[in-house]
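Comments concern the structure below.
Predicted model, so just to flag it, every value in this text is computed and none were measured.
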Amino acid sequence: MKIKKILILAAAALTATVSGACSTTAGSTASTQSTAAEKAEPIEYTKDGVGTVKIKKYKGIEADMAEAVLDESELEDIYNSSPSYKAVSRAAKDGDTVNIDYEGTIGGEKFEGGTAEKTDLVIGSGRFIDGFEEQVKGMSAGDEKTITVTFPKEYQSEDLAGKEAQFKVKVNKVKGPVSSSEGINDEWAKQVAADHLREEDSKNIDTLDKLKEYILNQRKKQYEQEALYDVIEKIMNEAEFNLNKENLDKKIDDAVTEAIESYGMDFEKIAQDSGESVEEYKEKLRDNMKKNMAVNIEEDIKAELVVEAILDAEKIKIEDHDYSDMYEYFTGEKGKTREQMGIEIGDELVEQSVKSFKVLNFLKENSKFTMKSAQEIEKAKEESMSVEAAKESAAEASKEAEASKSSEKASDNDNSKESGKTEKTDKSTQAKESADSKSSESKAQ
């Protein structure tokens, strides 16, 4: 089941304290809710024009949560994709970083974007046009060389596309990658954070320990989110829904219309290429998109009903500070108001998100989480998916078998009717022949 995008949006913001309510021992279970909470009665909620939901249980839901750990081998993997470098005196080879100056000309004339100084280039990265890096390979610090290459025919600049160019290249420095045992240190951690994280996050990471802490916190949030998704999914799977069909159809139509408009397609050309009229093509497109989008939109509406039902049952109020709290959870930054967020993502999505944010915080405090290793949970999910796939396959085979039986039965009935007709025809023919015979005998006498 796909969870409503607003639930994902809000859950992604939870940095929180689920682990504080969970034992850190794999396989153990802990919770913050009381016995009374676990015995909560089912609730029913109706939203005018949208539908009704009956929720059997939403407190004390049990779910697995992966324990956030960081193995040294994972740091090795990160390092291998973003290693440290140090100056070497040898010739450049694949994987090295060369610092170069270059000046490009076509027919002896310089061209725009063809000249630069002190540019770092990783040999083998494919960052420059074909042939350039191969010709730099083998050069050492201080070497100068003229390289000839040809721009691709499909190059983004029409003035350069397909043309041969010469580049005067000077190598300022050759740097080779450092082994992980030497390179994984505070300086590397600071550089990795600066290269790959938002400025708000990277400015606080200046040691290896802080990078590890950041990775663990992000992983913890991810695992909390996944556990909360499981809680929501279990609530929705057990709930009963009666949706307003007109509202559902309108939501689907609106989503399809919005999607088609956002594509900016040239319908006349596409229709012409497909041999259809524009209206025929649009109608076929709408039908296909409806089939693909209907299930997700229906789940969206169900999720909204569940959120609002829990808000109503628990009398959870939305306060002004909830909007700024939610924004801080999303971004790590302070200060955004409901109005400011409304301008950026729209008032409706802001309201849906803050409601989900409040409900997920409530569920986080009123659910039972069992801590397990990420590998255990992943294996269980794979097994569950295999079981579901087997069930679906069996159900499909059963349908096909039933259809085959029905077809055979219909065929047998047709054969039986045909046989009956033939038998009647034979008897009729025999009777006629007998009558004709008697008539002939009578005439002979």
(request) In plain terms, say whether D300 and K251 are close enough for a salt bridge, that is, a side-chain N and a carboxylate O under 4.0 Å apart. (result) no
(message) Is it true that, when you exclude E117 itself, more than 12 heavy atoms of the residues, nucleotides or ligands shown sit nearer than 6.0 Å to its CD?
(response) no
(message) Around atom CD of E339, are there more than 12 heavy atoms from other residues, nucleotides or ligands closer than 6.0 Å?
(response) yes
(request) List the steps, then state whether side chain to side chain contact (heavy atoms under 4.5 Å, CB included) holds for I123 with V98. (result) CA-CA 7 Å; I123 302 298; V98 291; 3.9 Å; yes
(request) May I ask you to say whether K245 pairs ionically with D249, meaning some side-chain N is under 4.0 Å from a carboxylate O? (result) yes
Side-chain polar contacts of residues 151-167 - donor-acceptor pairs under 3.5 angstrom, sequence neighbours left out - could you list them?
from, atom 1, to, atom 2, distance (Å)
K163, NZ, D159, O, 2.9
E164, OE1, Q166, NE2, 3.4

(message) Under a 3.5 Å threshold, yes or no: a donor from one side chain and an acceptor from the other, between Y327 and K336?
(response) yes
(message) Between D94 and K137, does any NZ, NE, NH1 or NH2 come within less than 4.0 Å of an OD or OE carboxylate oxygen?
(response) yes
(message) With a 4.0 Å cut-off on N to O distance, would you call R90 and D96 a salt bridge?
(response) yes
(request) For atom CD of E134, decide whether the heavy atoms of other residues, nucleotides or ligands shown that lie under 6.0 angstrom number more than 12. (result) no
(request) State the NZ-CD distance between K302 and E304, to the nearest 0.5 angstrom. (result) 13.0 Å
(message) So that I can tick it off, tell me whether K372 and E67 are bridged by a salt bridge, with the cut-off set at under 4.0 angstrom between side-chain N and carboxylate O.
(response) no
(request) Answer yes or no: is there a donor N or O on one side and an acceptor on the other, between the side chain of E133 and the main chain of G124, under 3.5 Å? (result) yes
(message) Salt bridge or not between D322 and K317? Use side-chain N to carboxylate O under 4.0 Å.
(response) no
(message) When you compare the side chains of N237 and K234, does any donor N or O come within less than 3.5 Å of an acceptor on the partner?
(response) no
(request) Kindly indicate, with the supporting measurements, whether the criterion side chain to side chain donor-acceptor pair (under 3.5 Å) is fulfilled by Q222 and Q218. (result) CA-CA 6 Å; Q222 175 193 341; Q218 293 302 309; over 6 Å; no
(request) Start with the C-alpha distance between D254 and K250, add both sets of side-chain angles, then the distance that settles salt bridge (Lys or Arg N to Asp or Glu O under 4.0 Å), and finish with yes or no. (result) CA-CA 6 Å; D254 290 347; K250 184 179 184 303; 2.8 Å; yes
Sequence neighbours excluded and cut-off under 3.5 Å, please list the side-chain donor-acceptor pairs for residues 206-214, or say none.
from, atom 1, to, atom 2, distance (Å)
D206, OD1, K210, NZ, 3.3
T207, OG1, K210, N, 3.2
Y214, OH, D201, OD2, 3.4

(message) For Q191 and D195: C-alpha separation, side-chain torsions, deciding distance, then whether side chain to side chain donor-acceptor pair (under 3.5 Å) applies.
(response) CA-CA 6 Å; Q191 189 60 51; D195 290 343; 2.9 Å; yes
(request) For the pair E279 and R286, find out whether any cationic side-chain nitrogen is under 4.0 Å from an anionic carboxylate oxygen. (result) no
(message) Quick test of your reading of the model: are K57 and E238 salt-bridged, counting only N-O distances below 4.0 Å?
(response) no
(request) Kindly compute the distance separating OH (Y102) from OG1 (T115), expressed to the nearest 0.5 Å. (result) 8.0 Å
(request) Check the side chains of E351 and Y323 for a donor-acceptor pair under 3.5 angstrom, ignoring hydrogens and angles. (result) yes
(request) Check salt bridge (Lys or Arg N to Asp or Glu O under 4.0 Å) between D287 and all other residues, then give those that pass, not counting sequence neighbours. (result) none
(request) Hey, could you give me the CG/CD1 distance between L70 and I215, rounded to the nearest 0.5 Å? (result) 5.5 Å
(message) Regarding K221 and E226, does a basic nitrogen lie under 4.0 Å from an acidic carboxylate oxygen?
(response) no
(message) Nearest 0.5 Å, please: how far is CD in E308 from CD in Q352?
(response) 8.5 Å
